[in-house]
Amino acid sequence: MAWLSNLFNFLGLSLLRLFAFLPYTITVYVGYSLGWLAAHIPNSRARVVKTNLRLCFPHLKEPEIDALALEHWKLFGRSVIERSRVWLGTSDQILSFVELDSHVPLGDRKPRILVNPHFVGLEGGFMALSALAKKNGWPRGAGLYQKMKNPFFNQKMVEWRNRFGAKSIERQSRLRDLIRETRDGNFVVIAPDIDLGPRDSIFVPFFNIPTSTVTSVSRLAKLSGAEVCLMTTLLNQDKTGYICTIDEPLDNFPSEDPEADTARLNQCIEKLVRQRPAEYYWVHKRFKHRPPGEPSFYQ
């Protein structure tokens, strides 16, 4: 059925190209509409979203959970459609709706790790940073990515992400690839708030729940001598676009205790999520793996 796969790829690519060059306002409202539909059509991810929200916000009543879930789905749908412009648009198009506010000098070639939590705007933030790096002659960015099941779109996604000079590194690649990037003075963007299983992970609190979390940020910072900054891409006040903020480096990070460092990062991310709960990626099974003997939350 190769022809069917090729047809799907052609249609998907055509839709991306269409939305990349439609007026931005239309793109946003189409995304909201698709998100609204996803929230009202029974599916496994809708159950995941509400399970995550109930776990993290146990004080909320069910109507409040429903309202927060709906708002999340609308923003998630918007972010999916916006990726057409993020992946295929020009640097000026991307920078027209993603503003960068950096509290560190990005052209100094100092080893630096940017911790980019899973908010709906994270893809736009990385691409805006890459576009500005190329425009201003800053060191390039390097970001981890999870390999897609579709080989065609996996290759395309890497090409699109790298078109401003950035380097995409598969999440399962060797740690020394990341060490080389940081030591060369290129900023490395890592989103550690995803459950990747037991390998290189420990259970540390996230919303008071033991959560499987990778220790890679602490280990990489220790090995490379890089400073660690939070990088968050959130909706601006009128929700017409996003602001990608790069904070000043975390004090005394890394420490001699990778577990304490990892727990600290989780608490930093949790604080941000509590401020913007609808913008976080609740579609992920953040609590997929449980400590030995504990049942799954997603049964």
Side-chain angles (χ1 to χ4, degrees), residues 86-87 89-96 98-119 121-146 157-193 200 214-234 242-256 258 261-262 264-265 268-269 272:
V86 168
W87 286 342
T90 65
S91 60
D92 288 340
Q93 281 181 303
I94 295 170
L95 295 173
S96 70
V98 183
E99 176 187 348
L100 182 67
D101 179 21
S102 179
H103 297 263
V104 294
L106 295 173
D108 59 358
R109 287 205 166 273
K110 186 171 184 178
R112 188 170 287 124
I113 298 169
L114 307 180
V115 175
N116 191 22
H118 278 82
F119 288 92
L122 88 165
E123 194 75 25
F126 176 77
M127 292 302 296
L129 182 55
S130 297
L132 279 173
K134 182 177 182 180
K135 181 175 289 190
N136 295 327
W138 298 339
R140 73 177 183 188
L144 296 180
Y145 75 95
Q146 188 72 21
M157 181 188 67
V158 171
E159 291 175 359
W160 296 332
R161 282 181 171 176
N162 293 354
R163 73 186 190 279
F164 298 129
K167 181 178 182 180
S168 294
I169 301 174
E170 190 176 344
R171 197 174 284 276
Q172 287 74 24
S173 295
R174 297 166 297 184
L175 185 61
R176 66 184 182 205
D177 291 339
L178 294 174
I179 295 173
R180 181 168 57 249
E181 290 295 323
T182 55
R183 286 180 174 172
D184 286 347
N186 300 317
F187 55 86
V188 171
V189 179
I190 299 178
D193 55 329
D200 299 325
V214 292
T215 60
S216 54
V217 175
S218 177
R219 292 187 293 114
L220 178 58
K222 194 74 172 177
L223 291 169
S224 64
E227 61 184 23
V228 175
C229 307
L230 282 171
M231 169 181 168
T232 52
T233 306
L234 301 170
Y242 299 85
I243 297 178
C244 175
T245 304
I246 300 174
D247 292 329
E248 294 180 354
L250 294 173
D251 293 330
N252 303 314
F253 195 104
S255 68
E256 297 301 322
D261 291 342
T262 305
R264 181 183 175 188
L265 283 179
C268 290
I269 295 171
L272 291 165

Result block: side-chain N/O donor-acceptor pairs under 3.5 angstrom for residues 126-137, not counting sequence neighbours:
| residue | atom | partner | partner atom | Å |
| --- | --- | --- | --- | --- |
| S130 | OG | F126 | O | 3.0 |
| K135 | NZ | D92 | OD1 | 3.2 |
| N136 | ND2 | L132 | O | 3.3 |

Expected list for residues 226-233: side-chain donor-acceptor pairs under 3.5 angstrom, two or more places apart:
| residue | atom | partner | partner atom | Å |
| --- | --- | --- | --- | --- |
| E227 | OE1 | K110 | NZ | 3.2 |
| E227 | OE2 | R112 | NE | 2.7 |
| E227 | OE2 | R112 | NH2 | 2.9 |

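In this structure, S216 and D200 have side chains that are not in contact, with every pair of non-hydrogen atoms separated by 4.5 Å or more. Residues I246 and F187 form no side-chain contact, since every pair of their non-hydrogen atoms from C-beta on lies 4.5 Å or further apart. Side-chain contact between Y145 and E170 is present, with heavy atoms from C-beta onward closer than 4.5 Å. At least one side-chain heavy atom of L250 sits less than 4.5 Å from a side-chain heavy atom of L265. Contact annotation: the side chain of L95 never approaches that of L100 to less than 4.5 Å [non-hydrogen atoms, C-beta and beyond]. Counting only heavy atoms from C-beta outward, the side chains of K222 and D261 never approach each other to under 4.5 Å.
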*asked:* Using side chain to side chain contact (heavy atoms under 4.5 Å, CB included), reason through T262 and V217 one step at a time and then give a plain yes or no.
replied: CA-CA 8 Å; T262 305; V217 175; over 6 Å; no
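Under the ring-ring contact (aromatic ring centres under 6.0 Å, His included) criterion, W160 pairs with W87, sequence neighbours left out.
To the nearest 0.5 Å, the span separating CD1 on I169 from CG on L178 amounts to 4.5 Å. Rounded to the nearest 0.5 angstrom, T245 OG1 and D101 CG are separated by 5.0 Å. Between atom CD1 of residue I243 and atom CG of residue L234 there is a gap of 8.5 Å, rounded to the nearest 0.5 Å. Between atom OG of residue S218 and atom CD1 of residue I113 there is a gap of 9.0 Å, rounded to the nearest 0.5 Å. One finds the CG atom of L114 at 8.0 Å from the OG atom of S102 (value rounded to the nearest 0.5 Å).
With hydrogens and angles ignored, the 3.5 Å screen pairs a side-chain donor or acceptor of D193 with a backbone N or O of H118.
For the residue pair S168 and N162, the shortest heavy atom distance occurs at OG-OD1, 2.8 Å. Listed here is the closest heavy atom pair of T90 and Q93: N-OE1, 2.9 Å. The two residues G225 and P111 come nearest to each other via the heavy atoms O-CB, 4.2 Å. Between R109 and N186, the shortest heavy-atom contact is NH1-OD1, 3.8 Å. G107 approaches P139 most closely through the heavy-atom pair CA-CD, 3.8 Å. Shortest non-hydrogen contact noted between G89 and I94 is O-CD1, 4.1 Å.
Salt-bridge formation is detected for the pair R180/D177: a Lys NZ or Arg NE/NH1/NH2 atom is positioned less than 4.0 Å from an Asp or Glu carboxylate oxygen.
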